[in-house]
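In what follows, a structure is listed as structure tokens, so that the remarks can point back to it.
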Amino acid sequence: MKTRQVHILHGVPASAGIAVGYAVLLDTKKIERYPKIRITESLIEDEISRFDVAVDLSRRQINEAKKKLEAQHITKEHVFILETHLMMLTDPSLQSRVKELINKDHINAEWALKTALQEIEKDFDPIGDEYIRSRIADTTFVGERLMRNLIGKKTSGFHMLENSIIVAHDLSPADTAMLNKEKVLGFATDVGGLTSHTSIIAHSLEIPAVVGLENASASINPGDKLIVDGISGVVIVNPSESQISDYEHRARSYLSVELRLKEKSKLPAITKDGTHVEVKGNLEFREEVRTVLDHGAEGIGLYRTEFLYLNRNDIPLEEDHFEAYKAVVEAVSPYNTVIRTLDLGGDKFYSSLGELKNEMNPVMGLRAIRLCLREVEMFKTQLRGILRASHYGNTSVMFPMISGMEELRRAKDILDETKHDLRKQGIPFDENIPVGIMVEVPSAATIADILAHDVDFFSIGTNDLIQYALAIDRGNEYVNYLYEPLHPAVLRLIKFTIDAAHNVGIPVSMCGEMAGREIYTPILLGMGIDILSTNAFAISHVKEMTRKIDLEKCRSIVEHIFSIKTAQEIYDFMSREIIENTPDIFDIT
Ligand code: PEP
Ligand code: MG
């Protein structure tokens with residue numbers, strides 16, 4: 001029996017909360033070894049039918065996982081991802097590729113599958129326009145499942161003990177669906193960043209999680225006692241009695257704070273000196289709009305419409321756009337809904353759009369507005385949907401990834417042409433629909449003073465702004481430590497953007513993750529941000545922090561932090577400030 005040694009792992013705090021329980025290891029790591037066998041002509045049919053059986057079994061497993069998710073009323077997002085997996089699994093191009101390889105190259109099904117997956121991952125077939133280009137991660141999950149079923153390894157289907165903490169290399173939505181929510185207290189995974197699947201799922205299940213731990217699955221033994229601190233991103237393996245009682249105390253305080261905040265979530269966020277700060281919600285699926293409003297959102301500050309393009313092998317029609325946006329706008333009115341035009345491409349996921357090749361450097365490639373300006377008809381279809389929906393409630397439109405004036409002018413010209421067409425057809429829309437841009441490319445922040453004259457509002461997208469300004473992939477666990485919202489360069493870009501907007505009298509919102517962390521709230525308010533838009537669960541926190549501060553004090557905080565040279569020193573300063581002035585908010589960190 002191995003000795004159970006105390007050690008501490010550091011990762012990314014993906015979902016807040018504290019869990020104390022026992023490690024259950026899930027073998028989700030890539031199957032590196034698989035049999036490679038050359039087969040004779042007479043075995044070809046056998047190998048093909050082995051593959052068909054594996055596909056069938058995988059389909060049943062995913063369907064079962066999907067049913068469980070639906071029964072648990074988990075957000076549609078996860079069901080959606082599973083549906084994408086199902087489509088990938090049954091996609092004829094994957095199946096025919098594998099079968100062709102078996103047939104032509106006389107190789108066994110495992111080898112053929114691996115080769116086909118590598119081909120798909122490397123180079124999304126340019127002829128196969130109908131192929132659903134989902135995220136590479138999704139391809140991997142589906143491929144892994146097929147491979148496990150082929151070589152007879154059991155997939156997921158775990159028996160949970162009470163107080164389990166799931167430790168895995170990575171977790172797919174299907175893995176998660178097999179978990180018994182009652183018994184699983186937390187997640188700890190090797191890979192992932194704030195935007196990985198595990199983080200998304202953990203967030204909506206409200207289960208504490210730390211991701212990007214690099215080697216949790218290798219260094220934790222089954223049955224090890226664990227503390228998962230999803231607030232500071234720490235996992236303590238085999239903690240001492242005193243560490244356990246300390247964390248149990250923190251967990252109780254955390255829960256009581258959560259409960260208290262939830263009760264006040266619908267009240268407005270008014271600073272001590274009387275300024276009302278609007279706190280809005282971010283939305284991915286129209287089905288989630290109720291949840292977001294129930295968490296106290298005063299409108300939708302970012303509707304990520306690219307999710308409409310998932311789970312289908314064609315491009316949405318104008319009616320699809322219109323219906324989705326109308327439903328949201330009507331539910332949210334009289335509050336405003338900011339509908340962001342398509343931000344497909346990059347590292348989010350791939351679509352069936354033929355233009356999206358497997359680019360060398362996708363986050364800097366044909367993404368968001370760049371794709372729309374190339375696919376003008378597709379862009380106009382979405383704009384028609386947005387404009388038509390604007391007739392039914394308070395709506396704004398926003399362009400993502402604007403990097404310069406030419407792009408903005410072109411996007412606005414296309415919007416004007418679309419308005420003109422609707423007018424000619426006598427279709428009603430809001431003639432004065434506000435037009436804004438995401439400020440998330442450093443060049444846009446740097447010329448915010450120029451861009452500000454041509455828009456009605458800015459919304460700062462810190463997820464990308466930080467990624468591009470600091471040159472770090474936002475999903476890569478090895479460089480996560482560099483992902484620093486308090487980096488002086490980031491703060492300067494934000495401040496410059498806000499000042500530029502205010503100089504011409506337009507409002508500025510922030511809709512990146514930074515808007516949802518209350519340690520940053522005093523800085524953002526001190527810099528003059530007008531609106532904060534965040535995920536549903538952070539709304540009550542941000543509101544509460546806003547109620548506890550006064551703007552004059554925030555301004556002096558900002559003045560001071562601009563003289564500090566590093567992100568860590570600014571963080572330390574902020575922690576001291578907050579502990580001193582609002583001890584009840586941060587008494588558990
Ligand atoms: C951002 O970049 O901060 C943002 C809100 O957009 P997304 O996360 O969808 O890229
Ligand atoms: Mg972005």
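Any value given below was found using the heavy atoms of this structure, including those in side chains, with hydrogens, waters and symmetry copies removed. If you read the sequence from its start, that first residue is 1, and numbering goes on from there. We count ligands from 1, going down the list as the structure has it; atoms in each ligand are counted the same way.
Atom OE1 is the N, O or S atom of E440 at the shortest distance from the Mg ion (ligand 2).
E569 and T566 form a side-chain donor-acceptor contact under 3.5 Å, judged by distance and modelled atom types alone. Donor-acceptor pairing under 3.5 Å is recorded for the side chains of S533 and N282. A donor-acceptor contact under 3.5 angstrom links the side chains of Y325 and Q382, judged on distance only. A donor-acceptor pair shorter than 3.5 Å can be found between the side chains of D572 and Q568.
Contact annotation: for E284 versus ligand 1, there are no heavy atoms closer than 4.0 Å. Using a 4.0 Å cut-off between heavy atoms, N282 makes no contact with ligand 1 at all. Only the side chain of R304 comes within 4.0 Å of ligand 1, counting heavy atoms alone; its backbone N, CA, C and O stay farther away.
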Quiz item: Can you check side-chain contact (heavy atoms from CB on, under 4.5 Å) on H295 and K262, steps first, answer last?
Solution: CA-CA 7 Å; H295 276 78; K262 238 178 201 157; 4.3 Å; yes

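A salt bridge between E406 and R410 is absent, with no side-chain N of the basic residue lying under 4.0 Å from a carboxylate O of the acidic one.
Taking the six-membered ring for Trp and thresholds of 30 and 60 degrees, F573 and H560 have ring planes inclined between 30 and 60 degrees apart.
Contact annotation: M401 has no heavy atom less than 4.0 Å from any atom of ligand 1. The shortest heavy-atom distance from R340 to ligand 1 is under 4.0 Å. Residue Q467 places every heavy atom at 4.0 Å or more from ligand 1.
For residues 522-531, the side chain to side chain donor-acceptor pair (under 3.5 Å) pairs, not counting sequence neighbours, are H502-D530.
Each of the atoms 5 (C) of ligand 1 lies under 4.0 Å from some heavy atom of C511. Close approach of ligand 1 to E440 is summarised as follows: ligand atoms under 4.0 Å from at least one heavy atom of the residue are 1 (C), 2 (O), 6 (O). Ligand-side atoms of ligand 1 in range of R367: 10 (O), range being under 4.0 angstrom from any heavy atom. Residue contact check: L302 has heavy atoms under 4.0 Å from atoms 5 (C) of ligand 1.
Distance check for D464 against the Mg ion (ligand 2): an N/O/S atom falls below 2.8 Å.
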